[in-house]
Amino acid sequence: MGAVLSPLQYLRRAVWLRPMSGRQSNISKFFTLGPEQARKKRTPAAPANSENEDGSRVIKKEENDEKTSGNDGIAVNGEKRTADELESLKEEHGEATNSMETKRSKVDGLSLASSSSSSSNLASEGETTPSEIPPPIAEPPLESTRKQQTKKAHATFADMVSTFTKIEKTTKRLEIIDIMGTYFFKMLRDYPNDLLISVYLSINKLGPDYSGIELGIGESIIMKAVAESTGQTLQQIKQAFHKVGDLGLVAQTSRQNQPTMFQPAALTLPFLFDSLKSIAQMSGNQSQNRKIGLIKRLLSSCQGAEPKYLIRALEGKLRLQLAEKTILVSLANACAQYHADKKQVKLSQQDRIHAEQTLRDVYSQLPSYDIIVPRLIEHGIENLRETCKLTPGVPTKPMLAKPTKQFSEVLDTFDQATFTCEYKYDGERAQVHFTEDGKFYVFSRNSEDMSVRYPDIMASVPRWRKPEATSFILDCEATAWDKEENRILPFQKLATRKRKDVKLEEIKVRACLFAFDILYLNGKSLLDIPFSERRKHLYTMFQPITGEFDFAKHSDQRSVESIQEFLEEAVKESCEGLMVKMLEGPESHYEPSKRSRHWLKIKKDYLSGVGDSLDLIVVGAYHGRGKRTSVYGAFLLGCYDPDTETVQTVCKLGTGFSEEQLEQFHRQLSQIVIPKKKDFYSHSEAPPHQPDVWFEPKYLWEVLTADLSLSPVYKAAIGYVQEDKGISLRFPRFVRVREDKNWEDATTSEQVSEFYRSQIVHTQASARASSPNAEEY
Ligand SMILES: Nc1ncnc2c1ncn2[C@@H]1O[C@H](COP(=O)(O)OP(=O)(O)OP(=O)(O)O)[C@@H](O)[C@H]1O
């Protein structure tokens, strides 16, 4: 293996890449013909806001004039300035906006461009000048002056906002892909150094998931910053928020109504990105004030619709339908088109499909834009599979299983193929990495770095790794382990472990790893070899140590009776059920990120229920009565539609809780009550169905159900089965909190519709089985 650069090294490399000279092409046309199939009919997204999104600039000089006399000074961007200060600001501002080496103005809100090291590094002589860059086909409605000021150095937030504004006006995925593709194409052509940042900002992330840097600033901090920056009281902002339900819109309106004397310099993407990162990483003493200070600075640089998206970005929710899938398709299209233009060849529909597939596959193996984007720019999408491969140290997206509720279904699915059954351990998924340079990592199902959470696992790796294994990626389940009795403990025990600041000597509940797959070994990816061979490598390279590491127990017998027996054994040993996996042939290859039919899961509970539990978002609650007077008596839960970014309600849940749990949930959830329903929650508007309180989306609960039915009240998977009806759970029962998943990893609307459909298939099949001659009557 060649030397592997760290994400940071690649990022640095990318930052120093020169912009390539542009070529004129009819971009839009190409993207419109995107190969993504039209989706099934979906719930329309929350209605697009009707305000003037492009937001004409407000420079109400006359309003300021009366304030200029005396020492009172005037308000510039919400802050009082003396006449002297104003004079120097004018000079400073005029210079700053024309200079490539723009420095941040001493005064908030006038020139914020290029404060970061990356920003100032980027503008170098000899770059493509604006006159050499052909005008884009569909110019965004930007103020030309602002654009000219920054054209040479960096892409602006204004450009991005104008793209977002267009996206907010449509619910059609193909159009969104078209708009984003056009935007990324222009970034590639004009500002390749800023492409990586533009991708991150579009998905509202600040780095790969394993970097652990996350946005999601509390509403109270944002409200304070908006109030202070726009010269309003906190009360006024709170009231407006209560009325509108979107802090972004409140910020935009407040900013538009604010007298501003000078036009602030454009906010560049690198400066914005660096600032958001600083805000996300601030901690400790005074961090709240420092955050407010930085948000105010950013706000004072915003114009038009920029405050809206800035605030939404800070909240961690852009409310565009920009699912990561959409970004990948748009980016693939943009890159394919850009490189085809460069080579002066025509891009076929086939090429586009190929590009999309390539980027999706590569991203599931190596989910790091830090690594992918610079290599895309440098080597093109056609070489991406070669230049971006599975790499220890970067968590890959785990393969997932489909639920099944009947043993006969297992045999139907695998038919003549060779399959194997394994215990389905009930713990937390753990991807263990060992890099070529000798570092260990443990990553979660969501690519979070859990190395500090599991010091016991980290310490045990050298004991069970044989010296021949010089680098690897293992797929495992970490379970709680009873040292005295030498047995697995239920999942609930594992959940009692601390998640932060875990010290090895203080650990009370030990974790034991059960390895079920190996994806990478000694410099080579093993994804594309049969599972039987991967399993051999696993057994050769590692040694079991009781209570620390073992291989998932398996049985390769294929009769229904033997599977049933094996399941009973698994349950006796505190497992959830079985995993049934293809063992030979190409179907047994490891498919990162796919929920595949080549892996089936059978849980004990499925056999009487719907086929799987669901992981649902807690969106609201109803006050308790009688014994539950002081707590919430029932909860409103929803599933997630990643394509429309909506949370769709699916049931009211009131059973399966202990009294302690109800008290604990009351305490936890009271902290995240919001004044009104989020506009991306989809639920019946009828008063009897409204919960007493609404919550921020935060907690995910696992729920079992007897079956599913169509419903006019609940909106889950609306449009999938019936145009105007959603799907709801009947007799739902609480199982546990899913701490290993983010709320956006909830069961999707599509999965809910699959559960509903498979239930109908099963019902029909069993009706036929119990009455084989039914058709004759
Ligand atoms: N032998 C095994 N093979 C694969 N996965 C296993 C095994 N034992 C336990 N697991 C766990 O079971 C999960 C398989 O189910 P699935 O792929 O649907 O993930 P999930 O969405 O987390 O579902 P679940 O809620 O059932 O754990 C894996 O994510 C893994 O954590």
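First listed ligand is number 1; within each ligand, the first listed atom is number 1.
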Going by distance only, is there an N or O of [X] that falls short of 3.5 Å from an N or O of ligand 1?
X      : result
Lys741 : yes
Asp615 : no
Glu702 : no
Ala401 : yes

Identified side chain to side chain donor-acceptor pair (under 3.5 Å) partner of Arg429 from the options Asn446, Asp740, Asp475:
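Only one of Asn446, Asp740, Asp475 forms a side chain to side chain donor-acceptor pair (under 3.5 Å) with Arg429, namely Asp475.
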Region of [X] that comes within reach of ligand 1 [heavy atoms, distance under 4.0 Å]:
X      : result
Glu422 : side chain
Arg595 : side chain
Tyr423 : backbone
Lys603 : side chain

Out of Arg738, Lys553, Lys581, Arg736, whose heavy atom is nearest to atom 3 (N) of ligand 1?
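Checking each option, the heavy atom nearest atom 3 (N) of ligand 1 is found in Lys581.
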Heavy-atom nearest neighbour of atom 27 (O) of ligand 1 within options Lys601, Arg429, Lys424
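Nearest heavy atom to atom 27 (O) of ligand 1 lies in Lys424.
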Please say which of Trp743, Phe635, Tyr632 ends up in a ring pair (Phe, Tyr, Trp, His ring centres under 6.0 Å) with Phe695.
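Only one option passes, and that is Tyr632.
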Answer yes or no: are there more than 12 heavy-atom neighbours, outside Lys483 itself, under 6.0 Å from its atom NZ?
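No.
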Taking only Lys NZ, Arg NE, NH1 and NH2, and the carboxylate oxygens of Asp or Glu, determine whether Glu214 and Lys205 approach each other closer than 4.0 Å.
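Result for this pair is no, no salt bridge flagged.
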Is the shortest side-chain heavy-atom distance between Met582 and His589 below 4.5 Å?
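A side-chain contact is absent here, since even the closest heavy-atom pair is not under 4.5 Å.
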Please name all residues satisfying side chain to side chain donor-acceptor pair (under 3.5 Å) with Gln557, sequence neighbours left out, ordered by chain then number.
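Counting only residues at least two positions away or on another chain, Gln557 forms no side chain to side chain donor-acceptor pair (under 3.5 Å).
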Checking side chain to side chain contact (heavy atoms under 4.5 Å, CB included) against Phe472, which of Arg465, His537, His433 comes through?
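For Phe472, the side chain to side chain contact (heavy atoms under 4.5 Å, CB included) test succeeds with only one of Arg465, His537, His433, which is Arg465.
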